[in-house]
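Not measured: the values here are computed from a predicted model.
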Amino acid sequence: MSNVTAPADELVHLEVADGVATITLDSPHNRNALSQQLVGELFGHLASVDVDTDVKVVVLQATGRVFCSGADLSEAASGSMEQGAKVLVEMQRQIVSHRKPVVTRLQGAVRAGGIGLVAASDIVVAAAEATFALTEVKLGLAPAAISLTVLPRLSSRAASLAFLTGEPFTAAEAVDMGLVTRAVPADDLDAAVAAVVASLVTGSPQGLRETKRLLAVDILDRIAARGEEMAALSGALFASDEAREAMLAFLSRKK
């Protein structure tokens, strides 16, 4: 079965077929940035398929050349981000605690907060051409909220290099660091994702659910213990004069 026709202004689409729920980020005007609307729609779709007994696996993907550009800086520069940071923490928790395995398909670049989506996912297949960067340090920020899922995936040396330099790294490097499961040529991306999904759907619902719960315990404990603290830190940094100045300069360069 498939979803009904999506509203014209919808930024996140859901399709369900053959036991697989495909959630697609489709916000080309801001390179799939984590705007309030996009995150709200993502929450809604994740919640609906969490309780859908016809769904065994969730595939998270995006349209365009960029998977996710991170926080919507136009929103961040014009208002308080503490609530936005809390929402980002909850978004990661929702993916990690989801009853169904979440497979993320990366067709292109991922930046800053978008890497939280990647780290929260169970299995990540990336096109070799995809690039990654934790750019917060360049803007007077820190990857505080997403550290809840990113740090458990990375070695401490990899985390220091990626967090402190803010420089881009490749999909192959992301595999070595533990952030990505597998990197393949772009032409092989769909086949590689399909192979993972085909294997997952052979699992029983209870087996998938309980095995995922086992795998998620440590990250969920980390989110519960430090989520509020990291959201507060993120909000304070976004509100600082240094970060606001850097964000406004970045936005003016983009125009």
Side-chain angles (χ1 to χ4, degrees), residues 1-81 83-127 130 145-146 149 186 189-190 193-194 197 201 251 254-255:
M1 128 181 160
S2 181
N3 66 315
V4 295
T5 302
D9 61 349
E10 184 181 76
L11 300 182
V12 185
H13 313 307
L14 170 65
E15 292 185 358
V16 177
D18 302 322
V20 180
T22 301
I23 298 175
T24 305
L25 311 183
D26 184 21
S27 182
H29 73 281
N30 62 4
R31 301 184 305 160
N32 296 317
L34 299 172
S35 64
Q36 292 180 26
Q37 180 184 345
L38 183 142
V39 172
E41 292 176 9
L42 177 59
F43 273 9
H45 291 322
L46 285 168
S48 70
V49 299
D50 197 29
V51 296
D52 188 338
T53 56
D54 291 333
V55 173
K56 277 190 169 184
V57 180
V58 178
V59 173
L60 179 61
Q61 62 180 16
T63 61
R65 297 177 59 190
V66 175
F67 174 79
C68 179
S69 58
D72 188 327
L73 294 184
S74 61
E75 289 184 355
S78 59
S80 168
M81 270 298 288
Q83 183 57 36
K86 289 178 180 177
V87 169
L88 183 54
V89 170
E90 175 59 21
M91 181 179 70
Q92 294 170 97
R93 189 203 65 76
Q94 190 179 31
I95 294 171
V96 176
S97 65
H98 207 275
R99 292 184 180 93
K100 322 294 169 72
V102 177
V103 179
T104 291
R105 172 191 181 275
L106 298 179
Q107 88 294 359
V110 191
R111 296 291 184 266
I115 293 180
L117 285 173
V118 176
S121 304
D122 299 290
I123 297 171
V124 182
V125 184
I146 63 170
T149 57
L189 182 59
D190 287 336
V193 172
V197 170
V201 296
L251 290 169
K254 284 179 62 181
K255 288 178 182 177

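- The closest donor-acceptor contact from the side chain of Asp72 to the backbone of Gln36 lies at 3.5 Å or more, if one exists at all.
- Residues Gln37 and Glu41 have side chains that bring a donor and an acceptor to within less than 3.5 angstrom of each other.
- Between Leu46 atom CG and Ile95 atom CD1 the span is 5.5 Å, to the nearest 0.5 Å.
- Annotation: the span from Leu34 atom CG to Leu11 atom CG amounts to 11.5 Å, rounded to 0.5 Å.
- Once rounded to the nearest 0.5 Å, the distance linking OG of Ser97 with CD of Glu90 reads 7.0 Å.
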request  = Check step by step if side chain to side chain contact (heavy atoms under 4.5 Å, CB included) holds for Thr104 and Leu117.
outcome  = CA-CA 8 Å; Thr104 291; Leu117 285 173; 6.0 Å; no

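- Two residues are said to be in side-chain contact when any heavy atoms from C-beta on lie closer than 4.5 Å; Lys86 and Val89 fail this criterion.
- Contact between Ser69 and Asn30 at its shortest, heavy atoms only, is OG-O, 3.1 Å.
- Listed here is the closest heavy atom pair of Val49 and Ala21: CG1-CB, 3.6 Å.
- Between atom CD of residue Gln107 and atom CG of residue Leu189 there is a gap of 8.0 Å, rounded to the nearest 0.5 Å.
- Applying the side chain to side chain donor-acceptor pair (under 3.5 Å) test between Thr24 and each of Glu10, Gln61, His13 identifies Gln61 as the sole match.
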task = Could you walk me through whether Arg99 and Val51 pass the side chain to side chain contact (heavy atoms under 4.5 Å, CB included) test, one step at a time?
result = CA-CA 8 Å; Arg99 292 184 180 93; Val51 296; 3.7 Å; yes

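- The closest side-chain heavy-atom distance from Asp18 to Val201 is not below 4.5 Å.
- Asp26 meets the salt bridge (charged side-chain N to carboxylate O under 4.0 Å, His left out) test with no other residue; sequence neighbours excluded.
- With values rounded to the nearest 0.5 angstrom, His45 atom NE2 is found 11.5 Å from Gln94 atom CD.
- Contact detail for Gln92 and Ala145: the closest heavy-atom pair is NE2-O, 3.1 Å.
- Of the possible donor and acceptor atoms, one in the side chain of Asp122 sits under 3.5 Å from a partner among the backbone N and O of Val102.
- Considering all non-hydrogen atoms of both residues, Cys68 and Gly114 come closest at SG-CA, 3.5 Å.
- A side chain to side chain contact (heavy atoms under 4.5 Å, CB included) with Leu60 is found for exactly one of Thr22, Val12, Val103, Leu25, namely Leu25.
- Here the shortest heavy-atom pairing between Val87 and Phe43 reads O-CZ, 3.5 Å.
- Pairing each heavy atom of Ala33 with each of Leu38, the nearest pair is O-CD1, 3.6 Å.
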